[in-house]
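Letters A, B, ... are given to chains in the order of the sequence lines, protein chains preceding strands, and every chain is numbered from 1.
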Number of protein chains: 2
Amino acid sequence: MDTSGSELSVLSAALKGAGIRMTHQRIEVFSELQASHGHPSVTEIYEGVRKRLPSISPDTVYRTLRLFSELGLIIPHSSTSSVTRFDVNVHEHHHFVCTRCSRIFDFTSSSIDPLEVPREAESFGEVQGVQLEVRGICRDCLRRERTQEE
Amino acid sequence: MDTSGSELSVLSAALKGAGIRMTHQRIEVFSELQASHGHPSVTEIYEGVRKRLPSISPDTVYRTLRLFSELGLIIPHSSTSSVTRFDVNVHEHHHFVCTRCSRIFDFTSSSIDPLEVPREAESFGEVQGVQLEVRGICRDCLRRERTQEE
DNA sequence: ATGCATGCAAATGCTTTGCAGCGTG
DNA sequence: CACGCTGCAAAGCATTTGCATGCAT
């Protein structure tokens, strides 16, 4: 089955909706993403697109992927911020990760704890821990964005 | 309640067990971690320790935090690897994250899906998505480590 | 005493940014 | 045809590493 056409319309709609231009580079990065398996890195996308668009530069790929993330077309895995943060709390707990400021908030939940490891996950290797990861926009960022839009 | 003594014994045991020396720097980084709230970054720990140990260098903090991660005393949030990876799969799914090679494996689970957002998480802000994050060591890394130990 | 750990400084690698020219709408 | 987008090159950061000295065991 060929879904490339319908997928492209997703891109078209997303860009048009935000008043952003549809360029060759963006189209190629988008289709490379669709064709990719797993969780591609910037370099992997870059190398893939380069086969069809040899003149594309890495920074355009960076910019494009960031744009797509902002549009919600893709999700950067965990913190966008470059600094590593450490979890000192060794007890079972879950995370609310802010997709804007990348701060992490801990919580526990009586309704889901104790959380058990699904069978499906065990097949990948030796499990060390499980937790829920809730992505969202924290109160502070919501407030800041609201203020800026006024 | 003063738990610093008992916490330090955790450090002592972990280091002794691995045949690693107990130094001032390691003790100070460890207690700074205990005293920290949330999810400290390397810089935050460094600044904190520097008040008591002005001569400590950033790279020692880096090395120490990496050591503590390997010993399981702390958990680096998300991938240790510096490259950003993107999730192209917009459908609900979960992640098995390898703590060695930082590769991410997707899975879905009939036993837990659909996954609902716990009440506790909603108080932090606007929720965009939820997923399970299983941390562990993938098959490839397990095999590699077994081979090297022979 | 021995050799691991630290501090210093330089290197590395990912990602971002300023700017001039190009192409989309 | 205006303005946003790209490519280039250089800068910016977080993190890592080589090496000589110092300190824990």
- Query: His94(A) vs Phe107(A) aromatic rings, parallel, tilted or perpendicular, using cut-offs 30° and 60°?
  - Reply: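 The rings of His94(A) and Phe107(A) sit tilted, inter-plane angle from 30° to 60°.
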- Hey, can you tell me if His77(B) and His39(B) have their rings parallel, tilted or perpendicular (30° and 60° cut-offs)?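 The arrangement is perpendicular - the two ring planes meet at more than 60°.
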Expressed as a whole number of angstroms, how long is the span from [X]:[atom1] to [N]:[atom2]?
{"X": "Leu53(B)", "N": "dC23(D)", "atom1": "CG", "atom2": "C1'", "answer": "13 Å"}
{"X": "Arg66(B)", "N": "dT16(D)", "atom1": "CZ", "atom2": "C1'", "answer": "7 Å"}
{"X": "Leu67(A)", "N": "dG4(D)", "atom1": "CG", "atom2": "P", "answer": "14 Å"}
{"X": "Ile27(A)", "N": "dG25(C)", "atom1": "CD1", "atom2": "C1'", "answer": "13 Å"}

- Could you check which residues of residues 43-52 of chain B get a heavy atom under 4.0 Å from DNA chain D? Sort them by number, please. none
Considering just the side-chain nitrogens and oxygens of [X], establish if one lies under 4.0 Å of OP1 or OP2 belonging to [N].
{"X": "Ser57(A)", "N": "dC8(D)", "answer": "no"}
{"X": "Gln25(B)", "N": "dG7(C)", "answer": "yes"}
{"X": "Arg26(B)", "N": "dT6(C)", "answer": "yes"}
{"X": "Thr84(A)", "N": "dT15(D)", "answer": "yes"}

- Task: Give a yes or no on this: more than 12 heavy atoms of other residues, nucleotides or ligands lie within 6.0 Å of atom NE2 of His93(B).
- Result: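 Counting other residues, nucleotides and ligands, NE2 of His93(B) exceeds 12 neighbours.
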- Message: Is it true that, when you exclude Arg52(A) itself, more than 12 heavy atoms of the residues, nucleotides or ligands shown sit nearer than 6.0 Å to its CZ?
- Response: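 For Arg52(A), atom CZ is crowded (more than 12 foreign heavy atoms under 6.0 Å).
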- Charged N to carboxylate O below 4.0 Å: is that the case for Arg63(B) and Asp59(B)?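 Yes, this pair counts.
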Answer yes if the side chains of [X] and [Y] hold a donor-acceptor pair under 3.5 Å, and no otherwise.
{"X": "Ser41(A)", "Y": "Thr43(A)", "result": "no"}
{"X": "Glu120(B)", "Y": "Thr108(A)", "result": "no"}
{"X": "Ser57(B)", "Y": "Thr60(B)", "result": "yes"}

- Task: Drop me the distance from Ile137(A)'s CD1 to Cys98(A)'s SG, to the nearest 0.5 angstrom.
- Result: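 Separation between the atoms: 7.0 Å.
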- Considering heavy-atom distances to DNA chain D, does Tyr62(B) or Ile20(B) have its closest nucleotide positioned more toward the 5' end?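 Upstream on the strand: Tyr62(B).
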Closest heavy-atom pair and its distance - [X], [Y]:
{"X": "Phe86(A)", "Y": "Ser69(B)", "result": "CE2-OG, 3.5 Å"}
{"X": "Pro40(B)", "Y": "Leu33(B)", "result": "CG-CD2, 4.2 Å"}
{"X": "Cys138(B)", "Y": "Arg103(B)", "result": "SG-NH2, 3.7 Å"}

Between [options], spot the one nearest the side chain of [X], thanks.
{"X": "Thr60(A)", "options": "dT16(C), dG7(D), dG7(C)", "result": "dG7(D)"}
{"X": "Ser55(A)", "options": "dC5(D), dT17(D), dG7(D)", "result": "dG7(D)"}
{"X": "His24(A)", "options": "dT15(C), dA24(D), dT24(C)", "result": "dT24(C)"}

- Task: Would you work out how much the helix from dA1(C)-dT25(D) to dG25(C)-dC1(D) bends between its ends, with each end axis defined by five base pairs, to 10 degrees?
- Result: 50°
Below 3.5 Å between N/O atoms, which protein atoms pair up with nucleotides 9-12 of chain C? Just atom names and distances, please.
from, atom 1, to, atom 2, distance (Å)
dA9(C), N6, Asp59(B), OD1, 3.4

- Message: Looking at the base of dC5(D), is there any donor atom on it, or on the side chain of Arg63(A), that sits under 3.5 Å from an acceptor on the other one?
- Response: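 It does not, because no donor-acceptor pair links the side chain of Arg63(A) to the base of dC5(D) below 3.5 Å.
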- Message: So for Arg21(A) and dC5(D), does any side-chain atom that can act as donor or acceptor lie under 3.5 Å from a complementary atom in the base?
- Response: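 In this structure, the two groups form no donor-acceptor pair.
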